[in-house]
Amino acid sequence: MRVLKFGGSSVASAENIEKVYAIVKDKSEEGKLAVVVSALGGVTDKLIAAGKAAAEGNESYKDILAELEERHLAEVRKLIPIANQSAVLSQVKKLLNNLESTCEGVFLIGELSKKTLDRIMSNGELLSSYIISERMKVDGLNVSLKDSRELIKSDSSFGKAVVDFETSNLRIWQYFNQATNVTILPGFVASNDIGETTTLGRGGSDYTAAIIAGALNAETLEIWTDVSGMMTADPRVVSQAYPIQKISYGEAFELSHFGAKVIYPPTIQPVLEKKIPVWVKNTFAPNDIGTLIQENGNGSDVMVKGISSINKIALLSLEGSGMVGVPGFSKRLFEALAQESVNVILITQSSSEHSICVAINEADVIKAKTAIDSEFAYEISVKKVDPLSIERELSIVALIGDKMKNHAGVSGKMFSALGRNGVNIRAIAQGSSEKNISTVINEKDVKKALNVLHEEFFETPTKQLNLFIAGVGNVGGKLLEQLQKQQQFLNEELGLNVRVVGLANSKKMAFNEEGFDLSNWKAELDKGEAMQLAAFAKHAKAKNMRNSVFVDNSASEEVAKIYSEFLRGNISVVTCNKIAAASEYENYRKLKLEARAHNVSFLFETNVGAGLPIIGTLNDMVRSGDRVRKIEAVLSGSLNFIFNNFKTGVSFEEIVRQAQTEGYTEPDPRIDLTGTDVKRKILILIRESGVAMEMNDIASEPFMPADCLDGTVDNFFLKLKEHKLVFDDIYKEAAAKGEKLKFVATYDNGKASVGLKSVAPDHPLYKLDGKDNIVLFTTDRYPDQPLIVKGAGAGAEVTASGIFADIIKTVL
Ligand code: ADP
Ligand code: ASP
Ligand code: MG
């Protein structure tokens with residue numbers, strides 16, 4: 001004898017019922033079957049809605065009933081040949097009329113008792129089992145329909161009745177002793193000793209099937225549903241979840257108890273006693289292996305089998321000095337809760353006994369608080385116990401696995417993965433069986449937590465990186481191009497799944513939780529909403545995705561001001577924008593500390609020398625204990641261009657104008673020529689060397705007459721012309737010594753300056769072409785010959801690659 005159960009989605013439509021028929025027909029050839037069916041998918045919810053509407057005096061219940069009628073009749077018309085239809089239609093109508101009368105009664109009285117609700121809900125399974133049994137008969141299968149209410153007897157706890165196994169087992173056994181080849185039974189429903197309809201709790205059809213399997217000592221119980229087994233996590237939340245091939249009864253129970261809806265938790269008990277193997281199979285992919293639930297899991301060394309979660313949890317904490325060493329406190333607490341039928345899902349008590357924490361369903365909070373406050377009224381009044389503290393909007397996330405027991409380090413791995421992703425843990429419980437480690441976290445973090453843990457325990461070794469990118473111009477555009485080209489390599493070689501999930505320019509912003517198709521990002525951004533920086537940040541934080549990075553490709557002060565928002569939201573910041581790192585020292589320091597406090601990165605390698613590894617090299621030296629004594633650097637491509645081309649026969653004014661037209665300088669070339677940009681860069685290097693310094697502390701030696709700095713850009717060019725001789729002299733003086741002019745930034749034992757210098761041919765700064773940058777670090781470990789980094793220090797391509805490298809660093 002085998003017992004099969006088909007869930008709501010498996011029987012949701014005529015098309016699906018045909019699939020069920022095919023499976024049943026196939027299996028019936030090998031022996032007797034009991035086939036338990038749920039209501040057509042979604043019907044139980046509708047029945048509850050109808051009952052509630054009727055009780056509230058809302059006539060809309062009639063619309064719901066009409067819709068249910070329409071749906072069931074339509075299925076009959078599709079499943080049953082016309083010749084046999086009328087008898088079936090009239091029986092279905094009879095059941096529906098019955099339902100309508102019950103609802104009418106509820107409407108008139110304006111009251112819906114649990115007992116009446118059970119009667120209403122039972123119609124879902126009564127209808128489906130009848131229709132399915134009629135469909136099975138069509139092709140001559142030897143099928144009968146048996147009302148489970150006649151077999152399964154329960155007490156009168158309507159809504160979630162307690163089964164009387166002794167009576168039920170006997171009745172089931174007697175019936176099946178003489179049953180036909182295939183028996184169809186409605187799931188979920190039972191009856192009390194006076195024959196009133198009860199139900200077994202939402203999702204209870206699984207239980208019905210298990211009760212029957214247990215009573216008959218069945219060969220197997222097969223739970224046919226819409227996924228290919230019990231999965232490592234809820235597939236609706238964790239897209240990477242996959243079916244578990246073998247799992248123990250204990251593990252399956254824990255997984256379902258902590259939220260894996262695929263099996264109703266009480267289901268395990270009747271089959272466990274008789275050691276009946278349970279298969280979870282997919283009606284829509286019957287050839288997929290599915291999950292086998294049996295006594296000893298699979299004997300492998302897999303420690304964590306699955307992860308599950310329950311939402312809408314509240315945490316109650318009872319605290320007080322009066323509890324220490326006094327026996328009986330917990331007993332009173334649990335008794336008070338039990339009396340109000342409050343289900344306790346998780347318990348923790350600190351070893352000091354100073355507090356007890358219990359997690360319950362949020363819906364029970366008021367009942368629980370009243371019960372506990374009244375139980376401990378005296379202790380509270382004499383201040384031996386504090387009034388109950390309540391936290392809501394929480395969730396429990398649990399790791400399940402029999403083998404966790406003998407392995408150290410699982411919880412450490414769990415907590416560090418959650419911690420790295422900014423998931424705050426409110427309470428922890430590890431059952432003494434060590435089959436399960438549960439943590440209570442904020443509900444808003446659940447999706448992230450499940451995915452992070454899944455990645456940590458099941459997905460060796462892919463890591464997902466989620467990028468929110470602001471600025472898609474020169475640099476940003478190149479970055480997106482490089483990301484697209486490199487995506488496959490990163491996946492295969494580094495196990496990194498880099499996705500762009502947010503994009504913005506100054507006008508538009510767009511989001512795509514699954515990651516933009518990078519060959520088509522422009523069109524997607526065009527379709528986006530109006531850009532608002534605060535909304536962009538808010539959205540990124542609200543998405544609460546693991547390994548999130550905000551990438552700033554702009555030069556905007558407004559954008560730089562919002563980094564702190566991201567860092568505090570556990571989002572790393574990678575930027576080529578110098579403004580933040582060169583702002584007041586206090587702000588720079590604050591951002592660094594915020595990054596550290598939230599376990600994220602704040603990286604800005606491209607602030608100095610574009611893609612050149614300058615800051616990274618400096619960081620490595622400082623972190624390993626080296627000390628920077630001196631820095632000499634040429635850090636401005638624009639100034640290099642100008643001074644490399646300034647020679648006899650060319651006026652300074654002409655060369656600056658050319659640099660401006662060719663885009664080597666800012667539109668106002670004075671920003672380059674006064675060295676402001678270079679100052680920012682050397683300031684950042686000094687700070688990264690571990691020295692607190694401000695922009696004003698850096699001396700700058702102007703080489704232009706003061707009046708060049710006044711007025712408009714046009715006026716500036718006029719002044720350059722006017723002062724032609726001054727510039728010619730500067731050039732001549734250097735040339736006479738065989739030297740070259742370079743705009744140099746220097747830091748030397750606590751003092752910093754920027755300015756134009758004449759450099760001799762044997763100096764490392766002398767040979768520097770085009771827009772190259774160079775930095776010389778003289779340190780305790782490089783005292784005589786400085787460590788030199790040199791190369792192209794500007795350009796969209798190299799800047800983008802520097803940003804790219806920083807992005808990868810946030811997770812490696
Ligand atoms: P049925 O109607 O067949 O009883 P349910 O909707 O009750 O089906 O349960 C199946 C659903 O449970 C799946 O579609 C899936 O979305 C959800 N689910 C949650 N957690 C898990 C898990 N760990 N493994 C498989 N399914 C899960
Ligand atoms: N139809 C019932 C419910 O939706 C029982 C079940 O499907 O298992 O809860
Ligand atoms: Mg179910």
Side-chain angles (χ1 to χ4, degrees), residues 239 464-492 494 496-563 565-566 569 571-579 603-607 610-611 662-663 666-667 792 794-808 810-811:
S239 57
Q464 196 181 80
L465 246 172
N466 294 299
L467 310 184
F468 293 87
I469 299 184
V472 292
N474 269 348
V475 173
K478 281 277 178 246
L479 175 65
L480 288 163
E481 209 177 292
Q482 293 176 5
L483 281 170
Q484 188 196 355
K485 274 201 202 128
Q486 204 61 3
Q487 247 166 351
Q488 193 181 346
F489 173 87
L490 290 173
N491 218 318
E492 287 167 7
L494 293 179
L496 282 183
N497 177 13
V498 183
R499 310 171 336 144
V500 178
V501 290
L503 266 180
N505 57 20
S506 56
K507 296 187 191 76
K508 294 256 163 133
M509 60 181 186
F511 302 95
N512 184 338
E513 210 173 313
E514 298 308 314
F516 286 105
D517 167 4
L518 292 184
S519 59
N520 191 34
W521 64 265
K522 279 195 179 115
E524 299 213 42
L525 181 57
D526 279 346
K527 283 187 270 166
E529 52 199 290
M531 169 62 173
Q532 253 202 322
L533 200 51
F536 191 76
K538 197 169 157 202
H539 192 101
K541 282 195 292 178
K543 282 288 157 207
N544 204 6
M545 293 167 126
R546 63 199 184 282
N547 306 324
S548 292
V549 184
F550 172 63
V551 183
D552 177 9
N553 297 320
S554 78
S556 145
E557 184 159 2
E558 200 196 346
V559 179
K561 279 193 178 143
I562 206 157
Y563 293 169
E565 284 285 305
F566 287 102
I571 298 174
S572 290
V573 172
V574 167
T575 178
C576 63
N577 179 349
K578 289 182 270 297
I579 294 177
L603 299 176
F604 39 85
E605 175 64 87
T606 48
N607 280 192
E662 290 183 17
E666 300 287 327
E797 188 85 39
V798 283
T799 306
S801 73
I803 296 173
F804 197 159
D806 272 353
I807 290 172
I808 304 298
T810 64
V811 282

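Bear in mind that the values here come from a model prediction, so they are computed numbers and not experimental data.
Of all heavy-atom pairs between Met509 and Ala504, the closest is CB-CB, 3.9 Å. Taking each heavy atom of Glu524 and Phe516 in turn, the nearest pair found is OE1-CD2, 3.3 Å. Closest of all the heavy-atom pairs between Phe468 and Ser548 is CE1-OG, 4.0 Å. Of all non-hydrogen atoms in Ser519 and Gln484, the two that sit nearest each other are CB-NE2, 3.5 Å. Between Ala510 and Gly528 the shortest heavy-atom distance is CB-CA, 4.0 Å. Residues Thr799 and Gly795 come closest through the heavy atom pair OG1-O, 2.6 Å.
For the pair Met531 and Ser506, the minimum side-chain heavy-atom distance is 4.5 Å or more. The shortest distance between side-chain heavy atoms of Ile562 and Phe536 does not fall below 4.5 Å. Looking at Glu565 and Lys538, their side chains never come closer than 4.5 Å, going by heavy atoms from C-beta outward. Contact of the Ile571 side chain with the Lys541 side chain is registered, since non-hydrogen atoms from C-beta on lie closer than 4.5 Å. With contacts defined as side-chain heavy-atom distances shorter than 4.5 Å, the pair Leu480/Leu503 qualifies. Residues Val574 and Leu479 fail the side-chain proximity criterion, which asks for heavy atoms closer than 4.5 Å. Lys543 has its side chain out of reach of Val501: every pair of non-hydrogen atoms, C-beta onward, lies at least 4.5 Å apart. Contact of the Phe550 side chain with the Val559 side chain is registered, since non-hydrogen atoms from C-beta on lie closer than 4.5 Å.
A donor-acceptor pair is defined here as one N or O able to donate and one able to accept, closer than 3.5 Å; such a pair exists between the side chain of Arg499 and the backbone of Glu513. Judged purely by atom type and a 3.5 angstrom limit, Asn607 uses its side chain to pair as donor or acceptor with the backbone of Cys576. Proximity of a side-chain donor or acceptor of Asn577 to a complementary backbone N or O of Ser556 within less than 3.5 Å is detected. The backbone N or O of Val498 lies less than 3.5 Å from a partner atom in the side chain of Gln487, making a donor-acceptor pair.
Here the CZ atom belonging to Phe566 is positioned 9.0 Å from the CG atom belonging to Asp552, to the nearest 0.5 angstrom. Asn497 CG to Asn466 CG: the interatomic distance, rounded to the nearest 0.5 Å, is 8.0 Å. Atom CD1 in Ile808 sits 6.0 Å away from atom CG in Leu465 (nearest 0.5 Å). Glu481 contributes atom CD, which lies 6.5 Å from atom CD of Glu797 (distance to the nearest 0.5 angstrom). A distance of 8.5 Å separates CG of Asn553 from OG1 of Thr606, quoted to the nearest 0.5 Å. Of the inter-residue distances, the one linking Gln464 atom CD with Met545 atom CE reads 6.0 Å to the nearest 0.5 angstrom.
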Trace of the side-chain contact (heavy atoms from CB on, under 4.5 Å) decision for Phe604 with Lys578: CA-CA 8 Å; Phe604 39 85; Lys578 289 182 270 297; over 6 Å; no
Derivation of the side-chain contact (heavy atoms from CB on, under 4.5 Å) call for Ile469 and Ile807: CA-CA 11 Å; Ile469 299 184; Ile807 290 172; 5.7 Å; no
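More than 12 heavy atoms of other shown residues, nucleotides or ligands fall within 6.0 angstrom of atom CD in Glu662. In this structure, Asn474 places its CG atom where only 12 or fewer heavy-atom neighbours from other residues, nucleotides or ligands lie under 6.0 Å away. Atom CD of Glu492 has more than 12 neighbouring heavy atoms from other residues, nucleotides or ligands inside a 6.0 Å radius.
Ring planes of His539 and Phe511: parallel class, angle under 30° (limits at 30 and 60°).
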